[in-house]
Number of protein chains: 2
Amino acid sequence: MLKFILLGFLNYAPMTGYQIKTLIEDSTAHFWHAYHSQIYTTLRALEEQGLVSSEMDESDEKLQRRVYTLTEVGRQALLSWLNDAMMAPSTVKDELLVRVFFSGQRSAQSVREELLIQRRLHQQQLELYRAINLRGWTSEFETEPVGPVDLAHESKFWAATLKFGMRYEQLYLDWLDELLASL
Amino acid sequence: MLKFILLGFLNYAPMTGYQIKTLIEDSTAHFWHAYHSQIYTTLRALEEQGLVSSEMDESDEKLQRRVYTLTEVGRQALLSWLNDAMMAPSTVKDELLVRVFFSGQRSAQSVREELLIQRRLHQQQLELYRAINLRGWTSEFETEPVGPVDLAHESKFWAATLKFGMRYEQLYLDWLDELLASL
DNA sequence: AGATTATATGTCAATAGTGACATGTAAAAA
DNA sequence: TTTTTACATGTCACTATTGACATATAATCT
């Protein structure tokens, strides 16, 4: 999966692994996170598969920055993946729900404390989403987006995922509050 | 993580891997899924660590059913995990959101079709949740829950996770409908 | 009687993801 | 000037997860 996030960003413009990493942190990390270790190794794997190519940035002699570019094969792989619709709902893995499920074994106080911590965390996350400026994302591309990428059109979908994130955090907050009230 | 789900269920009563598998499918799979391959291998690993013990069910000579029992060490491991609150929000990994994020590259028709498929899937999931009878879960234990497990108390938390699931599906449906309308 | 589905348990190779260790430059702050 | 933070890239061991292959009995359906 991370593979397609990398191809997706490289479709906007050639970039280094680090740039992709920061873009992910600011955008997709809310629904798909990855450590830099996985990003760099996956980029190398994609290069071996011929989906991306790379070259060292020569503009700075000391700094070693490897710039990745999407190949035509890579672009086709991305589009083919996008056009092949998912036939199952996304699987959810939520550790807190597992913990709540088995919380009959705990003291009410222990549960309450944990839910309050989660409440604060999700409140922060919601505020973070509210502060996000979609325009900022495009400015992180060092080079201008290439060819047929219409950023206004793209940002409609970016905004949709952001809206989902905000609703999700609000759902989480409401659910936590109700559960807290019921204890 | 699966580790604690296994310990959690074994805390209710001794069971076979298959029983745990069916329990997971009916309950926690909505927020933490696992294939039987992982369940069986993890049970073996837990036995090696001394957190569970197992013996073959002798009541049927032909059928090979391995019954797992939580050890005291295992029970302490479960309680210790439960009482050590999570300090981060659960990480989300949602493939559809990744796909939507990069959907500026697709035809509106392709996106619309996929969202309609997802709409149907999430509608089904919501109906499935509505049909769930919490009472049914306890009847799946072959032996009566042991010692200090108060099923009425437990089921309060089970119900909370189910409620979360229903709200989540409703959120998903609303979000899909709005996104569909905006295309 | 034969076919199919549910019960039941396992292995294994491959892929994905985590988190620590390692290293160096550049910029900003104290 | 020293320290800290940001930039930048990598390896590696370990753990987790997937999904296919394998096998056998029991129950139900046609």
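Per chain, numbering begins at 1; letters A, B, ... match sequence-line order.
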Within the structure, does a side-chain N or O atom of [X] lie under 4.0 Å from either OP1 or OP2 of [N]?
X	N	result
T16(A)	dT9(D)	yes
R65(A)	dT9(D)	no
W32(B)	dT17(D)	yes

Closest to side chain of [X], choosing from [options]:
X	options	value
L2(A)	dG17(C), dT9(C), dA20(C)	dG17(C)
Y35(B)	dG19(D), dT9(D), dT18(C)	dG19(D)
Y18(A)	dT7(C), dG10(C), dA8(D)	dA8(D)
Y40(A)	dT9(D), dT17(D), dT18(D)	dT9(D)
Y68(A)	dT18(C), dG10(D), dG17(C)	dG10(D)
H36(B)	dC21(D), dA20(C), dT18(D)	dC21(D)

[X] ring center near [Y] ring center (under 6.0 Å):
X	Y	result
Y18(A)	Y40(A)	no
H30(B)	Y129(B)	yes
Y172(B)	F164(A)	yes

Query - Nearest-nucleotide comparison on DNA chain D, the residue closer to the 5′ end among Q38(A) and R66(A) - result: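 Looking at DNA chain D, the more 5' nearest nucleotide goes with R66(A).
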Quick one: [X] [atom1] to [N] [atom2], roughly how many Å, whole number?
X	N	atom1	atom2	value
M15(B)	dT7(C)	CE	P	16 Å
D26(A)	dC7(D)	CG	P	11 Å
E25(A)	dA6(D)	CD	C1'	12 Å
K21(B)	dA8(C)	NZ	C1'	9 Å
I39(A)	dG19(C)	CD1	P	15 Å
Q19(B)	dT7(C)	CD	C1'	11 Å
Q64(A)	dA8(D)	CD	C1'	8 Å
K3(A)	dA14(C)	NZ	C1'	14 Å

Report task. For the residue pair W158(B) and F101(A), categorise the inter-ring angle as parallel (less than 30°), tilted (30 to 60°) or perpendicular (more than 60°). Result ->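 Geometry flag for F101(A) against W158(B): parallel rings.
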Query raised in the report: When all nucleic acid strands are considered with a 4.0 Å heavy-atom cut-off, which category describes K93(A): base, sugar-phosphate, or nothing?
Result: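 The residue K93(A) makes sugar-phosphate contact but no base contact.
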Query - Side-chain (T71(A)) to main-chain (L51(A)) donor-acceptor, under 3.5 angstrom - result: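 Yes, the answer is positive, given that a donor and an acceptor are paired below the 3.5 Å cut-off.
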Requested in this report: Look only at the side chain of E114(B) and the backbone of M86(A), and say whether a donor-acceptor pair between them is shorter than 3.5 Å.
Outcome: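 Yes, because the side chain of E114(B) sits within donor-acceptor range (under 3.5 Å) of the backbone of M86(A).
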**Report entry** Terminal axes of the helix from dA1(C)-dT30(D) to dA30(C)-dT1(D) (five pairs each): angle between them, nearest 10 degrees
**Finding:**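 Inter-axis angle at the termini of the helix from dA1(C)-dT30(D) to dA30(C)-dT1(D): 40°.
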Requested in this report: Specify the residue among T91(B) and R44(B) whose closest nucleotide of DNA chain C lies further upstream toward the 5′ end.
Outcome: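 Closest to the 5' end, via its nearest nucleotide, is R44(B).
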Query raised in the report: Is there a path from L173(B) to M166(B) through hydrophobic residues (I, L, V, M, F, W, Y) whose side chains come within less than 4.5 Å of each other?
Result: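 Hydrophobic grouping puts L173(B) with M166(B).
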Requested in this report: Answer with yes or no whether the side chains of R167(B) and Q170(B) bring together a donor and an acceptor at under 3.5 Å.
Outcome: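 No - no donor-acceptor pair under 3.5 Å links their side chains.
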